[in-house]
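Quick note on labels: first sequence line is chain A, next is B, and so on, each numbered from 1.
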2 protein chains.
Amino acid sequence: MAKFRLDEVDHQILDMLIDNTRVPFTDIAKKLLISAGTVHVRVKKMEDAGIIKGSSLTIDYKKLGYSFIAYVGIFLQNTSQTKFVLERINLLPYVTVAHVTTGKFNIFCKIRAKDTEHAKDIIFMLDDIDGVYRTETMISLEESLNDKKRLMHDIFREM
Amino acid sequence: MAKFRLDEVDHQILDMLIDNTRVPFTDIAKKLLISAGTVHVRVKKMEDAGIIKGSSLTIDYKKLGYSFIAYVGIFLQNTSQTKFVLERINLLPYVTVAHVTTGKFNIFCKIRAKDTEHAKDIIFMLDDIDGVYRTETMISLEESLNDKKRLMHDIFREM
DNA sequence: GGTGAAAGCACCGAGTT
DNA sequence: AACTCGGTGCTTTCACC
């Protein structure tokens, strides 16, 4: 995978858009003392390069009744079944992300549910997939998301 | 936390905006056969209710040279140190999310790094936090994100 | 690669049904 | 609650630097 170099202006633009994709390009332009046209061209360039893959809303799932988060580690009967099981897992809507991992588990995923009862159903569905030997669940008591803005500044500025 | 009820139109609007926050309200209106003003009012309502917390870009971190993902389970010397350690963890920019969990680990977090060398540095920083007894790392060999669109449709439509 | 202005639209609030 | 409509302001393009 090619590594793409961004300059300081690109970083500043990303910083602002990452916090709010709807911030007007004219505002960005004012802050960075460049023209709105330039902002537009640079954003387009980052989109074309695939650095900006898309945009999405941040939804408050708790307000929608989904306040249960857990991580589930999956042990397979045989690692050759990894691909098959991963495909099945991705058919389950309540699994938000799945990873093939080294270490203790073969597959590791995050689930989002309404409550413990609902989570139980999801975990049973995972257990029922062919090739899954057993699962181990870690319930999240508190989620703490890192601040995106700081992430961008500190991580990517150094490149 | 109060549970907020969304109707079919709200769901359709969210579905479109979740795929692309910059899709014009006029396009949404055309597709749903309502007026752009109505789209505007409904989005505003969801923002005011806090359902829509914000918006963000999806960045291709791999293209920026950050292709390493791992999960780190943390064992504390004493659970009373949870809050303190969590605060320290959140100061580390490469930790994208941290959870207080039940089960095997006390705290559980996800890190994003350039490579194994870089990951090692981050894990050492975690190990060095006062109160951390030891850590256990699971390296992600493959990440598989669930499709957002399907998530919204299948999960929230039923409420 | 950047600018600035102009044309084309989108947003958004007010007033109406 | 939803619609129309008009003012305001944003995006996007393009000729020029």
Side-chain angles (χ1 to χ4, degrees), chain A residues 2-60 63-65 148-149 152-153 156-159, chain B residues 2-60 63-65 148-149 152-153 156-159:
Chain A
K3 204 169 125 181
F4 195 92
R5 284 202 82 80
L6 304 179
D7 70 9
E8 186 60 26
V9 174
D10 292 327
H11 279 297
Q12 299 275 2
I13 292 172
L14 281 184
D15 277 349
M16 293 186 75
L17 287 175
I18 275 186
D19 263 4
N20 174 15
T21 62
R22 295 186 93 98
V23 65
F25 288 3
T26 47
D27 284 8
I28 298 176
K30 251 174 255 165
K31 190 161 176 193
L32 303 184
L33 306 175
I34 54 179
S35 75
T38 300
V39 176
H40 176 243
V41 168
R42 282 178 176 258
V43 168
K44 186 142 183 25
K45 211 169 274 179
M46 289 190 276
E47 282 171 350
D48 292 346
I51 305 289
I52 297 174
K53 279 195 288 191
S55 59
S56 190
L57 294 183
T58 311
I59 305 289
D60 189 333
K63 286 224 171 72
L64 290 173
K148 277 179 237 139
K149 181 108 180 161
M152 288 303 293
H153 263 109
F156 299 116
R157 198 52 49 85
E158 62 198 61
M159 293 192 299
Chain B
K3 201 170 126 180
F4 195 91
R5 285 201 79 81
L6 304 180
D7 70 9
E8 184 61 26
V9 174
D10 292 326
H11 279 297
Q12 298 274 3
I13 292 171
L14 281 184
D15 277 349
M16 292 187 74
L17 288 175
I18 275 186
D19 262 5
N20 174 15
T21 60
R22 295 187 94 99
V23 64
F25 288 3
T26 46
D27 285 7
I28 299 176
K30 252 175 256 165
K31 190 162 177 192
L32 303 185
L33 306 175
I34 54 179
S35 77
T38 301
V39 176
H40 174 240
V41 168
R42 281 177 177 259
V43 169
K44 186 143 182 28
K45 213 170 274 177
M46 289 190 277
E47 282 171 349
D48 291 346
I51 304 289
I52 297 174
K53 279 195 289 189
S55 59
S56 189
L57 294 184
T58 311
I59 303 289
D60 189 334
K63 285 224 171 71
L64 291 173
K148 276 180 234 138
K149 182 108 181 159
M152 289 305 292
H153 264 109
F156 299 115
R157 199 52 48 84
E158 63 198 62
M159 292 193 299

Would you say B:S35 places a side-chain N or O within less than 4.0 Å of OP1 or OP2 belonging to D:dA2? no
C:dA10 phosphate, OP1 or OP2, under 4.0 Å from B:R22 side-chain N/O: no
Could you tell me whether A:D48 and A:K44 make a salt bridge, using a distance below 4.0 angstrom between a side-chain N and a carboxylate O? yes
Minimum heavy-atom separation for A:F25 to B:R22, with atom names? CE1-NH2, 3.3 Å
Would you kindly give the CD-to-C1' distance between B:E47 and C:dC12, to the nearest whole Å? 12 Å
N or O in side chain of B:H40 less than 4.0 angstrom from C:dC11 OP1/OP2: no
How many Å lie between CG on B:D48 and C1' on C:dG13, as a whole number? 14 Å
Taking only the side-chain nitrogens and oxygens of A:R42, find out if one of them lies under 4.0 Å from OP1 or OP2 of C:dG1. no
Side-chain N or O of B:K45 less than 4.0 angstrom from OP1 or OP2 on D:dA1? yes
Pairing donors with acceptors under 3.5 angstrom, does anything connect the side chains of B:T21 and A:T21? yes
Is a side-chain N or O of B:D19 found less than 3.5 angstrom from the main chain of B:M16, in a donor-acceptor match? no
Whole Å only: how far is the CD1 atom of B:I13 from the C1' atom of D:dA2? 12 Å
Quick note, A:T26 side chain, CB onward, closest among D:dA2, D:dT11, C:dC11 is D:dT11
Shortest side-chain distance from B:T38, nucleotide among C:dT3, D:dA1, D:dC3: D:dC3
Among D:dA2, C:dC12, D:dT11, which nucleotide sits nearest the side chain of B:F25? C:dC12
5' precedence on DNA chain D between A:D27 and A:K44 (nearest-nucleotide basis): A:D27
Which of D:dA2, D:dC10, C:dT3 is nearest the side chain of A:I34? It is C:dT3
